[in-house]
Amino acid sequence: MQTQPLPGFRDFYPAEFAFRAHLFETWRRVCRRYGFEEFDGPPLEPLELYTAKSGEEIVGQLYNFEDKGGRSVSLRPELTPTVARMVAARAGGMKKPIRWFSIGQMFRYERQQRGRLREFFQLNCDLMGEPGPLGDAEVIALAIDLVRAFGLEADQVRVRLSDRRVLQALLRGAGLTAEQLPSAYAVIDKLERMKPEQVADIREDRDERFGPGVGARLLEVAALRGWPDVQAALAKVEGGAEAGAPFAEVLKALEAMGLAGFVDVDLTIVRGLAYYTGTVFELFDAGRSLRAIAGGGRYDELLKLLGGVDLPAVGFAIGDVVLGELLKERGLVPPAPAAIEVFVAGVTAEDQPHVLQLAHLLREAGLRVEYALRAENLGKQLKLADTRSARVAVVIGPDDRARGEVQLKDLAGKTQRAVALARVADDVKAMVADG
RNA sequence: GUGGUUGUAGCUCAAUCGGUUAGAGCGCCGGACUGUGGCUCCGGAGGUUGCGGGUUCGAUCCCCGUCAGCCACCCCA
C-alpha cells in the first residue's frame, strides 16, 4: 500500500488545510463585498457538456469514463459550462445582472508542473446579463481586490488587459483578412515563447499564412503597450474609434475606482482562441516567474452556444495553486489559528472528574477546549497546553476545590489568579476575547 | 505525449576514491519533573538509501529499466 497520493493530487494535512481555508474565506469575503452570491454544481457532468464547447480534442485532458448506467461522464475541468447550464435553465426568472461565484475542485488529466496539478480549486466569478463596459470593470476590479485582500499590491501583481474588438480592428487595419485572424491570434498568444528565428520568419514574410508585409505589421500591433499608443493606432484604422470605445470606458472606470495602477494595456493577452468576444485579461506576479494567477474576459456568445439563452457575460477564474505559491514566496501566509483556546488541567488523579465536568461546561459555553486524556503530572499537561497554543489554562487541584475555586492561567502573560468556580466560564471568555 | 534533471528518517541535510554497523539537527515518544508551561539535560522509536535488475569481493555512490518530483516543450478551458 503506497502512502503517496496519485500524481498531481494533494493531501491537505492540517497546516495545508488551514492555508486552503484562508484562501477560500478571503475569496468569499471579497466576492460578497461585490454582491456576488455563492452557488455550486455537480463535480461530475455529462461528457458532452465539455466536448460541445471545446471539441473532441478536449477528451485527452479530461478525467472521463462511462458510468454504470452507460453514460459518458467527466469530472469537471472548469466551471463555465456548468454555470451556462444552470443559468440557462432558470434565466427567465432571474433579475439581471446575475452576480454568481463558486469555489470548487476541478480535474484535468495533464502532465503536472509547478503551478499546474491534476486537481486544484478554482474561484469562478461571473456577471451575466450586462453588456456594458461597467460590467467588465466591475469584474476586473473584483479580481484585483481578490489578490489585494492577501496583501499583494501593484508592485507585486499586474493585470494585463486587452480587448478582442480592439485587436481585431487593428489587425484588419494591418491588412489581415477575417480568415487570417485565428492564425494571427495564435501567433500573438505565442509570441513571448517563440524563438527569435520564428519571429523573424513572420517579420520577413517567410510565414505563408500572411501576405507580403502583413507579418511585420502584425508584430507592430502586438508590440503596442499602454492605452495612449493603442488609442493612437486605433485612430489610424477604419472603425478604430468605435472598436476602442468600450475598452476606453473600462479603463476610465478602473481609474475612477483607484485601481488603474494595477493595469497594463497589453494586446498580447489572447487567452486561448476560444470564446472571448471583448475584454480579455490575466493576472500575473510582477516578476512573471509564475504562470498566470487568474484569467478571464467577456464572452457574450457562450451562454447561447451552451445553454441556448442569449445573455452577455463577463467573468474570470482564479486558482489556488499559483496564488498559493506566490503568497508563500512573498511570506504572506498567516500562521494557522490555534486549535484550542482553553486547556483544563488537573493536579491529581482525583481531580479528573472535575476536569471533565469543567471542560464540558466550557465547551457548552462555546469555547474550544482540550484536556489530558490520562493522568499526567501538571508540568506535562501545561506543556501540552503550550504546544497547542492555548490562550488560557484552567488548573484545578484539591486545595482549589476545597475553596470552591480554580486557578486561571494566562499562558502568554504568565500570570495566574484564583477564580470562583461559578465565574470560570465568563472569566475565560473575557480573557479569550481580549485576544 | 517529448526531452532534460533530481530521488537518503515525518522535515532539512551529511556519509572520503566504490569499503565493513547509513549519521546529524529539527520534530515525535519516554524520563529528569507527583501543584505550574516555553529552557536545559538524558534516553528511545523511526531507513528495503523510491522500486527492480546489472557490474563488483563489496553499491547510497557506477550502468540499465521503472516510478515519482522538478524544469522546458505540447497544452493551458
Side-chain angles (χ1 to χ4, degrees), chain A residues 2-11 13 15 45 49-55 57-62 74 76-84 106-118 120 122 124 186 189-190 193-195 198 269-276 280 282 289-297 299 302 305-306 315-317 319 321-322 325 343 345-351 372 375-402 405-418:
Chain A
Q2 68 167 29
T3 56
Q4 296 303 306
L6 287 167
F9 285 73
R10 294 169 290 177
D11 292 325
Y13 287 83
E45 290 274 20
L49 188 64
Y50 305 112
T51 52
K53 174 190 157 198
S54 310
E57 318 83 66
I58 195 71
V59 175
Q61 323 267 341
L62 294 179
S74 175
R76 59 187 177 191
E78 59 165 327
L79 203 63
T80 305
T82 299
V83 179
M106 307 296 154
F107 304 87
R108 297 179 184 177
Y109 196 89
E110 296 180 295
R111 180 79 141 233
Q112 68 164 321
Q113 274 181 45
R114 184 179 191 199
R116 188 170 79 173
L117 304 174
R118 289 181 166 183
F120 54 92
Q122 217 175 43
N124 200 275
D189 189 37
K190 283 184 75 170
R193 301 184 297 276
M194 280 165 61
K195 298 190 185 94
Q198 295 174 291
I269 292 299
V270 175
R271 302 238 356 114
L273 303 167
Y275 45 74
Y276 290 104
V280 179
E282 290 189 341
S289 63
L290 301 171
R291 297 169 166 275
I293 299 164
Y299 46 96
L302 191 66
L305 174 74
L306 287 178
F316 68 93
V321 183
V322 177
E325 279 177 15
F343 193 96
V347 175
T348 67
E350 288 69 47
D351 295 309
E376 281 178 326
N377 69 53
L378 187 54
K380 207 150 186 180
Q381 295 179 67
L382 290 172
K383 197 166 186 158
L384 181 56
D386 201 54
T387 309
R388 297 285 202 245
S389 304
R391 182 80 175 72
V392 180
V394 180
V395 179
I396 183 160
D399 302 347
D400 307 295
R401 280 192 280 119
E405 293 178 336
V406 298
Q407 301 294 325
L408 273 196
K409 277 182 81 70
D410 179 330
L411 286 168
K414 291 184 172 177
T415 56
Q416 177 172 328
R417 64 194 160 94

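Any value given below was found using the heavy atoms of this structure, including those in side chains, with hydrogens, waters and symmetry copies removed.
- Between the side chain of A/Arg108 and the base of B/A77, a donor-acceptor pair under 3.5 Å is found.
- Among the nucleotides B/G30, B/A77, B/G37, the one closest to the side chain of A/Lys380 is B/G30.
- Between A/Leu408 and A/Val392 the shortest side-chain heavy-atom distance falls below 4.5 Å.
- Among the nucleotides B/G38, B/A77, B/U2, the one closest to any side-chain atom of A/Lys383 is B/G38.
- Along RNA chain B, the nucleotide closest to A/Glu376 and the one closest to A/Val395 are compared, and the more 5′ of them pairs with A/Glu376.
- For A/Asn377, taking side-chain heavy atoms from C-beta onward, the closest of the listed nucleotides B/G1, B/G35, B/U34 is B/U34.
- Here, B/G52 and B/G47 have their P atoms 16 Å apart, quoted to the whole Å.
- Counting heavy atoms from C-beta on, the side chains of A/Phe9 and A/Phe107 come closer than 4.5 Å.
- In this structure, A/Gly8 reaches the sugar-phosphate backbone alone: every heavy-atom distance under 4.0 Å involves primed, P, OP1 or OP2 atoms, never a base.
- The separation between A/Gln61 atom CD and B/G1 atom P is 11 Å, rounded to whole Å.
- B/U5 and B/G44 have their C1' atoms separated by 39 Å, given to the nearest Å.
- In this structure, A/Leu117 atom CG and B/C70 atom C1' are separated by 12 Å, rounded to whole Å.
- Here A/Lys195 lies out of heavy-atom contact (under 4.0 Å) with every strand.
- Among the heavy atoms of the strands lying under 4.0 Å from A/Pro398 is at least one base atom, whether or not backbone atoms are also near.
- Between A/Tyr275 atom OH and B/C76 atom C1' the separation is 11 Å, expressed in whole Å.
- Across the interface with RNA chain B, nearest-nucleotide mapping of A/Arg291 and A/Leu6 shows A/Leu6 to be the residue nearer the 5′ end.
- Under the Watson-Crick or G-U wobble criterion, with both distances below 3.5 Å, B/G3 is paired with B/C71.
- Within 4.0 Å (heavy atoms only), A/Gly379 reaches sugar-phosphate atoms of the nucleic acid but no base atom.
- Between A/Arg111 atom CZ and A/Gln61 atom CD the span is 12.5 Å, to the nearest 0.5 Å.
- For the pair A/Tyr13 OH and B/C11 P, the computed distance is 9 Å after rounding to whole Å.
- Comparing the P positions of B/U66 and B/G1 gives an interatomic distance of 12 Å, to the nearest angstrom.
- Contacts of A/Pro77 with the nucleic acid, taken as non-hydrogen atoms under 4.0 Å apart, include base atoms.
- A/Gln416 and A/Gln407 form a side-chain donor-acceptor contact under 3.5 Å, judged by distance and modelled atom types alone.
- Applying the 3.5 Å distance criterion, the base of B/C75 shares a donor-acceptor pair with the side chain of A/Arg116.
- Note on A/Arg193: every side-chain N or O is 4.0 Å or more away from OP1 and OP2 of B/C73.
- Separating the P atom of B/G54 from that of B/G7 is a span of 23 Å, rounded to the nearest Å.
- A distance of about 11 Å separates the C1' atoms of B/A9 and B/A24, rounded to the whole Å.
- Counting only heavy atoms from C-beta on, A/Arg114 has its side chain closest to B/C70 among B/C70, B/C76, B/C28.
- Taking atom CE of residue A/Met194 and atom P of nucleotide B/C73, one finds them 13 Å apart after rounding to whole Å.
- Pairing for B/U66 goes to B/G50, judged as Watson-Crick or G-U wobble with the two contacts each under 3.5 Å.
- Between the side chain of A/Arg116 and the backbone N or O of A/Arg291, no donor-acceptor pair lies under 3.5 Å.
- Atom CG of A/Leu411 is separated from atom P of B/C39 by 14 Å (rounded to the nearest Å).
- Between B/G10 and B/G46, the two C1' atoms lie 9 Å apart (nearest whole Å).
- Between A/Gln113 and B/A72 there is a side-chain polar atom (N or O) within less than 4.0 angstrom of OP1 or OP2.
- Distance A/Glu110 CD to B/C73 C1': 14 Å, rounded to the nearest Å.
- The partner of B/G44, taking Watson-Crick or G-U wobble pairs whose two distances both stay under 3.5 Å, is B/C28.
- Base-pair partner of B/G38: not found among the strands shown (Watson-Crick or G-U wobble, both distances under 3.5 Å).
- Residue contacts for A/Lys409: at a heavy-atom cut-off of 4.0 Å it reaches a base atom on one of the strands shown.
- Across all strands, A/Gln416 comes closer than 4.0 Å to base atoms (heavy-atom distances).
- With a cut-off of 3.5 Å on both pairing distances, B/A14 has no Watson-Crick or G-U wobble partner at all.
- Under the 3.5 Å distance criterion, with hydrogens and angles disregarded, no donor-acceptor pair is assigned to the side chains of A/Glu45 and A/Ser74.
- Atom CZ of A/Arg10 is separated from atom CG of A/Leu117 by 5.0 Å, given to the nearest 0.5 angstrom.
- Residues A/Glu405 and A/Arg417 are not paired through a salt bridge, judged by the lack of any N-O separation under 4.0 Å between the basic side chain and the carboxylate.
- Residue A/Gln407 is classed as a base contact, given a heavy-atom separation below 4.0 Å to a base.
- Taking atom CZ of A/Arg417 as the reference point, atom C1' of B/G35 lies 19 Å away to the nearest angstrom.
- Using a 4.0 Å heavy-atom criterion, one finds that A/Ile58 contacts the bases of the nucleic acid, with or without backbone contacts as well.
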